[in-house]
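Here's the structure we're looking at; comments come further down.
Protein chains get the first letters and strands the later ones, always in sequence-line order, with residue 1 at the start of each.
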Number of protein chains: 2
Amino acid sequence: MARKGYHHGDLRRALVEAALELAHEGGMEQVSVREAARRAGVSPAAPFRHFPDRAALLTAVAEEAMRRFRAEIDRALRRAPDEPLERLEAIGAAYLRWALRNPTHFEIISARRFIRFQSSALLRRDNEEIQAEMRRLLGEARRRGELRALDARTAEIAGRALVYGLARMHLDGHFPSWGVARGAEHRTMLEVLRLFTSGLAKSRYTHTCST
Amino acid sequence: MARKGYHHGDLRRALVEAALELAHEGGMEQVSVREAARRAGVSPAAPFRHFPDRAALLTAVAEEAMRRFRAEIDRALRRAPDEPLERLEAIGAAYLRWALRNPTHFEIISARRFIRFQSSALLRRDNEEIQAEMRRLLGEARRRGELRALDARTAEIAGRALVYGLARMHLDGHFPSWGVARGAEHRTMLEVLRLFTSGLAKSRYTHTCST
DNA sequence: ACCTGAACACCGTTCAAGT
DNA sequence: ACCTGAACACCGTTCAAGT
């Protein structure tokens with residue numbers, strides 16, 4: 001890992017990786033610049049040659065998490081059929097699955113008070129591209145006459161709020177007090193997602209599930 | 001404020017109030033035991049006679065915030081008409097209005113990693129009572145034949161996820177990047193809420209809103 | 001160019017000692 | 001019974017000095 005004498009080689013990357021690890025172990029507030037430095041084997045001051053402050057390190061961590069998140073969404077879209085509403089549901093399902101498996105990485109992307117979202121071109125771009133894809137799919141569904149009469153912009157935000165709310169409820173530990181058993185989170189999320197998309201669709205399958 | 005000699009009188013309450021203030025000023029992570037002590041005019045060690053640790057102080061803050069939140073919900077329900085679906089929407093609207101006006105207090109209640117939710121009888125009780133009310137109203141709506149055929153438990157969680165997601169999107173600063181202008185948050189939230197409840201209801205008003 | 005060491009102003013928390 | 005003062009092990013950040 002270390003390179004020449006004591007120039008580190010790639011301290012920047014080592015710090016981001018240590019921070020990802022720390023976040024994974026104990027959540028965002030456990031990520032400290034000093035501990036990341038310690039794990040990278042450098043002095044407490046070294047990170048400040050690479051990042052102006054803690055928020056900048058966390059933003060770099062968010063960029064790495066966002067890359068992985070994007071990759072997951074894209075993979076799901078490649079597998080999904082050509083039907084716009086099914087593709088939308090596939091995005092939602094991939095989003096939820098990722099949030100469930102990587103709660104802290106999900107939080108790093110979402111909780112913008114730790115990072116400087118606006119100052120990262122990567123974060124802004126990936127976010128916009130995901131939005132644009134959703135908007136395109138909704139438009140396509142409408143053109144095919146599959147949608148109830150509703151405002152597309154409102155539907156878009158509703159969909160995002162629903163999915164974000166589900167992921168956040170998990171992250172913030174709300175499910176136990178809402179009667180969702182440990183292990184049943186994923187199934188519950190998918191049922192909720194389906195209830196929502198079936199509500200957008202022109203009354204087709206009226207979807208009843210027992211219990 | 002201070003009482004006899006230097007026994008404070010009611011240091012516990014003074015600390016909770018100082019902490020509420022700090023949270024209001026700069027968010028949860030800005031709440032420090034030391035600063036609360038400073039504002040209450042006592043030494044850094046004094047708070048630890050009243051709270052075993054920082055999490056206990058924050059839990060007390062959460063309890064105070066929850067009391068205010070409950071009061072707001074109850075007020076909205078007293079004003080709402082006798083129609084179950086309208087009462088549900090009134091709960092949602094009150095929830096969103098409160099979250100919008102008191103973002104940090106909302107976060108204190110929601111982000112359970114700062115507090116010890118399960119060890120507070122008040123928090124558990126208030127949470128359960130709000131859930132129970134929602135469940136009652138959904139059941140009533142179904143009995144009156146106003147609901148589409150859907151699983152009540154799934155619908156309940158969907159409603160909560162939607163509303164929580166909206167509040168969280170605001171709190172986490174997502175609205176700007178989703179094209180919701182500053183000042184338009186409340187209106188947007190209510191439109192989304194309405195889209196959702198109209199999707200639960202047996203296809204009555206098909207609700208189109210321009211732009 | 002990149003890193004160290006020491007320093008500063010902050011934390012949460014403990015504990016002996018004061019009133 | 002309730003609070004203070006001093007201490008300990010932590011932070012983020014700065015800056016002169018080292019290689």
Side-chain angles (χ1 to χ4, degrees), chain A residues 1-23 25-62 104 108 111-116 119, chain B residues 1-23 25-62 104 108 111-116 119:
Chain A
M1 284 268 163
R3 289 273 174 98
K4 30 185 166 177
Y6 255 108
H7 285 34
H8 185 284
D10 199 351
L11 180 53
R12 198 194 138 91
R13 160 173 250 96
L15 289 168
V16 171
E17 261 157 35
L20 269 167
E21 233 182 76
L22 284 167
E25 287 169 25
M28 276 303 258
E29 27 275 322
Q30 302 289 21
V31 180
S32 82
V33 178
R34 289 183 99 107
E35 180 62 24
R38 219 170 280 130
R39 296 204 179 183
V42 296
S43 84
F48 293 92
R49 294 283 125 187
H50 299 269
F51 302 101
D53 54 23
R54 181 172 183 263
L57 170 59
L58 295 185
T59 303
V61 173
T104 311
I108 296 172
R112 301 189 184 168
R113 73 181 157 288
F114 295 120
I115 66 181
R116 270 189 290 273
S119 75
Chain B
M1 284 262 164
R3 289 276 172 96
K4 30 186 167 178
Y6 256 107
H7 285 34
H8 184 284
D10 198 351
L11 181 54
R12 200 194 136 91
R13 159 171 251 96
L15 289 168
V16 171
E17 261 157 35
L20 271 167
E21 233 180 77
L22 284 167
E25 285 168 25
M28 276 305 258
E29 28 274 324
Q30 302 289 20
V31 180
S32 83
V33 178
R34 287 182 101 107
E35 181 61 26
R38 220 170 279 130
R39 297 205 178 182
V42 295
S43 84
F48 293 92
R49 293 285 126 187
H50 298 270
F51 301 100
D53 55 23
R54 181 173 183 263
L57 170 59
L58 294 184
T59 304
V61 172
T104 312
I108 297 171
R112 301 192 183 166
R113 75 182 157 288
F114 296 120
I115 65 180
R116 271 190 290 272
S119 75

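- The heavy-atom pair separating B:Arg12 from B:Ala60 by the smallest distance is NH2-CB, 3.8 Å.
- Rounding to whole angstrom units, CZ of residue A:Phe48 and C1' of C:dG5 are separated by 15 Å.
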Exercise. Which dot-bracket string describes DNA chain D (Watson-Crick N1-N3 plus N6-O4 or O6-N4, or G-U N1-O2 and O6-N3, all under 3.5 Å; [ ] crossing; | other strand)?
Worked result: ||.|||||...|||||.||
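- The heavy-atom pair separating B:Met28 from B:Thr104 by the smallest distance is N-CG2, 4.1 Å.
- Residue pairs meeting the side chain to side chain donor-acceptor pair (under 3.5 Å) criterion with at least one partner in residues 42-51 of chain A, sequence neighbours excluded, do not occur; the list is empty.
- Rounded to whole Å, the distance from CZ on A:Arg12 to C1' on C:dA1 is 16 Å.
- Crowding of A:Arg38 atom CZ: a count of heavy atoms from other residues, nucleotides or ligands under 6.0 Å exceeding 12.
- Regarding B:Gln30, its CD atom lies at a distance of 13 Å from the C1' atom of D:dG12, rounded to whole Å.
- Residue whose closest nucleotide on DNA chain C sits further toward the 5' end, between B:Ala55 and A:His50: A:His50.
- Nucleotide C:dG12 holds its C1' atom 14 Å from the CG atom of B:Leu15, rounded to whole Å.
- The two atoms that bring A:Ala37 and A:Pro47 nearest to each other are CB-CG, 3.7 Å, heavy atoms only.
- Each of A:Leu58, A:Leu57, A:Thr59 was compared with A:Phe51 under the side chain to side chain contact (heavy atoms under 4.5 Å, CB included) criterion, and only A:Leu57 meets it.
- Counting all heavy atoms, side chain and backbone alike, A:Leu11 lies closest to A:Ala40 at CD1-CB, 3.8 Å.
- Put simply, CZ on B:Phe51 is 12 Å from P on D:dC3, counting in whole angstrom units.
- Scanning both residues, A:Ile108 and A:Ala23, for their nearest heavy atoms gives CD1-CB, 3.9 Å.
- The two residues A:Glu35 and A:Ser32 make their nearest non-hydrogen contact at N-OG, 3.0 Å.
- Between A:Leu58 atom CG and D:dG12 atom P the separation is 9 Å, expressed in whole Å.
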Polar atom pairs between nucleotides 9-11 of chain C and protein, under 3.5 Å, N or O only, would you list them?
unit_1: C:dC11; atom_1: OP2; unit_2: B:Arg38; atom_2: NH2; d: 3.0

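- Between the C1' atom of D:dG5 and the CZ atom of B:Arg49 lies a distance of 13 Å, rounded to the nearest Å.
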